[in-house]
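Beneath this line is the structure, given in structure tokens, with notes to follow.
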Amino acid sequence: MSGLARPSALAPFRIRNYRYQWPADLLTSWAFEMETLILGWYVLVETKSVLLLTLFASLTYIGTLIAPIFGVAGDRIGHRDLLAMMRATYAVLAGTLLTLALTGHLTPLYVFVIAAIMGLVRPSDLGVRGALVATIMPHDQLIGAISISRTTMDTARIAGALSGAALFAALGMGPAYIAITGLYVLGTLLTLCVIAPWKPPAVDASPPAVRSPIRDLKEGVVYVWTTPRMRAAIWIAFLANLTAYPLSNGLLPYIAREIYDTNQTGLGYLSASFAIGSLAGSILLSVIGGIRVARLMITSTVMWYAALLVFVQMKTISAAIACLMFAGFAQSLTMISIAVILMRTASERFRGRVMGVRMLAIYSLPIGLLAAGSLIDQIGFAATGTLYAAAGLALILSIVLHWRADLWHLHAPANAK
């Protein structure tokens with residue numbers, strides 16, 4: 001029995017708070033995926049422009065510039081309270097889109113405006129939920145908890161993509177947004193059920209005016225920048241968002257419609273296939289132990305780019321689905337490894353700020369998306385995808401060479417079991 005208990009993937013659910021946070025994250029992630037797929041398809045069909053599609057996808061990430069401020073706020077008021085307020089905001093914005101859709105007043109302009117507002121808040125959701133997981137979970141269960149937490153996004157992308165595509169195709173925008181708004185509301189309520197053991201920062205002799213949010217933010221940035229393994233992990237996250245995620249996320253509506261000549265259902269299959277692979281990676285890490293995390297991060301990132309190099313050359317949707325599954329698997333291992341390195345290294349009072357800096361790395365995604373939109377118009381999708389994946393491989397190797405003592409050496413702190 002002890003042999004079975006050691007790798008149990010269900011161990012995190014013995015913690016009462018985790019039993020509330022996990023479904024809250026799941027429902028929110030499900031709504032995210034449905035909304036992204038539905039609005040991306042809507043923008044592409046209404047505008048018939050891949051550049052506007054990439055602009056829409058980029059707007060959903062503009063809040064990465066202020067993600068460190070969310071980290072500061074989480075450290076100050078508590079990550080549970082901040083996360084609940086963020087998710088209430090999603091519900092209000094989704095309700096606005098629902099009203100516009102049901103009354104027949106929805107236009108691409110309104111979608112862009114609401115996407116921009118949502119984009120100020122949504123990029124920080126992953127970082128704040130990660131900091132909350134680290135707060136409510138024992139240190140020895142952190143890898144399992146983060147891996148299982150990651151399944152909320154993976155399973156949501158599978159179910160959200162397929163159900164969102166089906167609802168949109170069968171019933172239209174209005175009924176689909178009734179479901180999305182309801183998911184956001186339930187996610188907010190479940191988040192409020194978490195009783196996080198938040199502790200205020202230690203009292204020091206500094207006057208209140210000195211301990212300003214700007215000072216807290218600067219401390220967080222300096223803390224990350226002066227810790228080599230954290231800085232390397234942030235650079236890998238930046239690189240992945242710049243050159244890998246545009247190919248498997250924001251451009252999928254264009255790939256489905258223009259490359260494979262399919263409809264919303266085909267788009268759902270493409271999106272779900274990436275998530276199925278990602279889910280497999282999350283489950284794998286949740287049940288195995290003794291991992292050299294930094295080495296895993298490097299290896300899986302190389303695998304991810306290799307899969308994308310093959311994916312952009314595929315001529316059939318079935319082959320593309322197989323490539324996206326493998327890419328999703330490698331992507332999951334990479335992102336979980338980055339989160340574990342950051343959360344293991346960060347002290348408790350810096351976790352929110354560290355994850356805020358981590359979310360700042362997502363800002364490279366809208367840059368990558370906008371550049372891809374322009375390049376596709378000039379040289380085509382296959383050439384653009386090959387350029388992105390090849391550049392990513394070259395840059396990841398340069399990162400490994402620069403920080404090899406902190407990432408690859410067997411006894412480096414980042415590789416501690």
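Start at 1 with the first residue, then count along the sequence.
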Could you walk me through whether L296 and T299 pass the side-chain contact (heavy atoms from CB on, under 4.5 Å) test, one step at a time? CA-CA 5 Å; L296 175 66; T299 304; 5.6 Å; no

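- Under a cut-off of 6.0 angstrom, the local environment of OH in Y42 is crowded, with over 12 non-hydrogen atoms contributed by other residues, nucleotides or ligands.
- Residues R257 and W41 form a side-chain contact, since some pair of their non-hydrogen atoms from C-beta on lies under 4.5 Å apart.
- The local environment of CH2 in W408 is crowded, with over 12 non-hydrogen atoms from other residues, nucleotides or ligands closer than 6.0 Å.
- At a cut-off of 3.5 Å, with distance as the only test, a side-chain donor of Y177 or E35 sits close to an acceptor on the other residue.
- Using a 4.5 Å heavy-atom cutoff, the side chains of T96 and I114 are in contact.
- For Y184 (side chain) and T89 (main-chain N/O), no donor-acceptor pair under 3.5 Å exists by modelled atom type.
- Ion pairing between a basic and an acidic side chain is recognised when a charged N comes within 4.0 Å of a carboxylate O; R87 and D25 show such pairing.
- Contact of the L132 side chain with the R80 side chain is registered, since non-hydrogen atoms from C-beta on lie closer than 4.5 Å.
- Within the 4.5 Å cutoff, no side-chain heavy atoms of S278 are placed close to those of F329.
- Proximity of V43 to F112: side-chain heavy atoms (C-beta onward) are separated by under 4.5 Å at one or more points.
- Looking at L333 and W304, their side chains never come closer than 4.5 Å, going by heavy atoms from C-beta outward.
- The closest side-chain donor-acceptor pair between T36 and R122 falls under 3.5 angstrom.
- Counting all heavy atoms, side chain and backbone alike, I180 lies closest to A94 at CG2-CB, 4.2 Å.
- Here the side chain of S364 pairs a donor or acceptor atom with the backbone of A361 at under 3.5 angstrom.
- Within the 4.5 Å cutoff, the side chain of I77 has heavy atoms near those of the M85 side chain.
- Taking all atoms of both residues into account, the shortest heavy-atom contact from G373 to V50 is O-CG1, 4.2 Å.
- Aromatic ring centres of Y90 and F32 lie closer together than 6.0 Å.
- In this model, a donor atom of one side chain and an acceptor atom of the other lie less than 3.5 Å apart for R129 and S29.
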